[in-house]
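Here is the structure we will look at.
These numbers were taken from a predicted model, which means no experiment stands behind them.
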Amino acid sequence: MKLNKSLRFNIYPRELLFSIFLIMLPFSLFYEKRIGTGLISYTDEALAVICILYIVYFSFKKGIKSTDLVLIILLIATVLITLLGNVIYRLTSNWFSVAVDAICLAKMFVTFIVYKQVATYDKRELIIRYLLPIAKLLLISGSVCGFISLFVDIGMTGGKRYGIPSFYFLFNNEARYGYIVACCLLVVLVSENNKRKKSFYEFLCIFNIVLTTKGSVYIVLVCYLILTFMWRNKQKLSPANIFVLAVGGTLASSMQINTYIRDQESPRMVLLRYGFKTANTYFPFGSGFATYGSDQAAQNYSVLYTKYGFENRYGLSQDYGAFLNDCYLGMVVGEFGYIGMVLFLAMLIMVFIPINRIILDKKVKALTLALFIGIVVSSVGTAIIKSSGGVFVFAFFGLICGYSQNRQNRGDGTTLTAESKNSDSQNVGNGKIINNI
């Protein structure tokens, strides 16, 4: 019996696996908020473990080079220094919590490295192609529901800001939803050749971001628009770009600045202030994992919180600790100490360097850089960067940087070519041909 060639298609296990995880990360947020905690709510931690194993395997097989190697060394050094804080000061005896916190630190960086490596060898950009229909569907359905939510409450909005309901679609968190739709636009910009379609989905993305009413996402939008406008000829950051970005970002986040920074007694500002106090007290290694500002410190209600009198502060008490895990910078300073904080900033630079070298369409580079600026700035007053949403964004950083390097190697800075799209029938790399009869 002859096989019908029209029914033949390829399955590439590695690319498919990492595509599924990119889909599951936002879904895990939906599941956690709408249904409750379960195994799927640990998708980001599971991905982190897989990425760590992949890095170990890849290191022995082909070796890790360039900024990725520097990033791994910095990450290991940060973990070891913070563990010294645990060993010396003994503020917690729960070593399981210490391990969870260590993975929490590593997960966005190892995810970035692995997705960058996978994308570099994904010659036909299968991951982006797998994600494209879902990205378009989410942008369209989100826009329709967002428009309806302006007039009718359909259970997808929070309180009102700027006179409009804050929209979060299915994810119960406006800021994370904003980052999700921005990554969806990245998928479209990388893989779509039609300019009209690009502009259409760009409009939908901007519409969704505006509806979130969140300053941390508005930073992304403002930076994206500024860079797109200013990068007419050269896609390079200049002092003028940086100045305009700083002014625009400050204006976009004025509400958050007034709430989180100017108010010295706001929960997040208290966490930030006491983070530096913790670093001074437990100099130079910091207080150690699971002791200050982290998820595990909140779950176990760290002895430092009792020492600092947080029981009497709104949002920081044991009975109502809604903000205990909501100031990432405070955690970095307190748990890692000053040495660890410097190493952490160096790790962010190692992520920024390949982002700044992206050679793809200027809008792709502008949006990727805008996402990087937004998620780093938002870490002052939120914990998005270490959530499943943060891991999701860092995965896209790696994906876009990997595809950029891939195209640079073959001398192509354009979007996915027709030849690449039609090459599915070939068995290349780690792909396996599956035949349906």
Side-chain angles (χ1 to χ4, degrees), residues 15 18-19 22 66-68 111-136 139 179-206 209 220-221 223-238 241 245 350-375 392-421 423:
E15 286 76 8
F18 286 106
S19 300
L22 273 178
S66 188
T67 54
D68 292 343
T111 300
F112 167 78
I113 292 170
V114 169
Y115 271 87
K116 183 167 173 279
Q117 294 289 339
V118 170
T120 303
Y121 292 94
D122 183 13
K123 303 299 182 183
R124 287 166 300 161
E125 304 181 1
L126 293 170
I127 296 177
I128 284 289
R129 290 166 55 193
Y130 291 151
L131 298 176
L132 183 60
I134 298 172
K136 289 181 175 180
L139 286 169
Y179 282 102
I180 290 170
V181 294
C183 289
C184 287
L185 178 59
L186 266 180
V187 173
V188 175
L189 293 177
V190 171
S191 54
E192 184 61 68
N193 289 307
N194 189 296
K195 289 185 178 181
R196 288 186 179 180
K197 289 183 179 180
K198 280 186 178 182
S199 298
F200 172 69
Y201 288 105
E202 185 178 31
F203 170 77
L204 294 186
C205 177
I206 292 173
I209 287 177
V220 176
L221 176 58
C223 290
Y224 171 62
L225 295 175
I226 289 173
L227 289 172
T228 302
F229 177 77
M230 297 185 75
W231 281 351
R232 296 181 179 180
N233 298 317
K234 294 183 179 180
Q235 298 179 24
K236 292 184 178 181
L237 277 178
S238 65
N241 294 154
L245 286 172
M350 291 301 105
V351 175
F352 169 78
I353 289 173
I355 290 176
N356 196 41
R357 291 175 178 169
I358 290 174
I359 63 163
L360 306 178
D361 179 90
K362 71 174 183 180
K363 288 189 174 183
V364 174
K365 181 172 181 177
L367 184 52
T368 308
L369 186 56
L371 279 164
F372 178 80
I373 294 170
I375 204 162
F392 181 72
V393 173
F394 270 76
F396 269 94
F397 290 159
L399 200 64
I400 301 303
C401 290
Y403 285 149
S404 177
Q405 184 176 328
N406 195 352
R407 293 183 187 184
Q408 189 174 23
N409 292 339
R410 68 176 189 247
D412 177 20
T414 59
T415 52
L416 194 60
T417 63
E419 180 184 356
S420 175
K421 288 182 177 180
S423 61

field: Heavy-atom check, side chain of L399 versus side chain of L22, under 4.5 Å
entry: yes

- prompt: Taking C-beta and beyond as the side chain, do E192 and K136 meet within less than 4.5 Å on heavy atoms?
  reply: yes

Stepwise side chain to side chain contact (heavy atoms under 4.5 Å, CB included) check, V364 with Y403: CA-CA 11 Å; V364 174; Y403 285 149; over 6 Å; no

- prompt: Partners of F392 by ring-ring contact (aromatic ring centres under 6.0 Å, His included), sequence neighbours excluded?
  reply: F396

field: F200 and F203 aromatic centres sub-6.0 Å
entry: no

S19 side, atom OG; Y115 side, atom OH - distance, nearest 0.5 Å: 7.0 Å

query: Has the side chain of D122 got a donor or acceptor atom that lies under 3.5 Å from a matching backbone atom of E15?
result: no

message: Taking the side chain as everything from C-beta on, heavy atoms only, tell me whether Y121 gets closer than 4.5 Å to Q117.
response: yes

message: Once rounded to the nearest 0.5 Å, what's the spacing between atom CG of L367 and atom OG1 of T228?
response: 8.0 Å

- line: When every non-hydrogen atom of L132 is compared with those of S191, the smallest separation belongs to CD1-OG, 3.3 Å

- request: Hey, could you give me the CD1/CG distance between I353 and D68, rounded to the nearest 0.5 Å?
  value: 10.5 Å

Contact check, side chains of F352 and L369, non-hydrogen atoms, under 4.5 Å: yes

statement: Closest non-hydrogen atoms of I355 and K365, given as atom of the first, atom of the second and distance, are O-CE, 3.9 Å

query: What heavy-atom pair brings Q405 and T120 nearest, and what distance separates the two atoms?
result: NE2-CG2, 3.9 Å

query: What are the two closest heavy atoms between K123 and N406, and how far apart are they?
result: CA-ND2, 3.4 Å

- request: Hey, could you give me the CZ/OG1 distance between R357 and T67, rounded to the nearest 0.5 Å?
  value: 6.5 Å

statement: Value for OG1 (T368) from CD1 (I373), rounded to nearest 0.5 Å, stands at 11.0 Å

query: Is a side-chain donor or acceptor of Y179 paired with a backbone partner of V220 at a separation under 3.5 angstrom?
result: no

- line: Shortest non-hydrogen pair, L360 vs I400, comes out as CD1-CG2, 4.0 Å

message: Taking the side chain as everything from C-beta on, heavy atoms only, tell me whether C401 gets closer than 4.5 Å to F112.
response: yes

- line: dist L227:CG -> K362:NZ (nearest 0.5 Å) comes out at 10.5 Å

Heavy-atom closest pair, residues V181 and C205: O-SG, 3.6 Å

message: Using side-chain heavy atoms (C-beta onward) and a distance below 4.5 Å, is K363 in contact with Y224?
response: yes

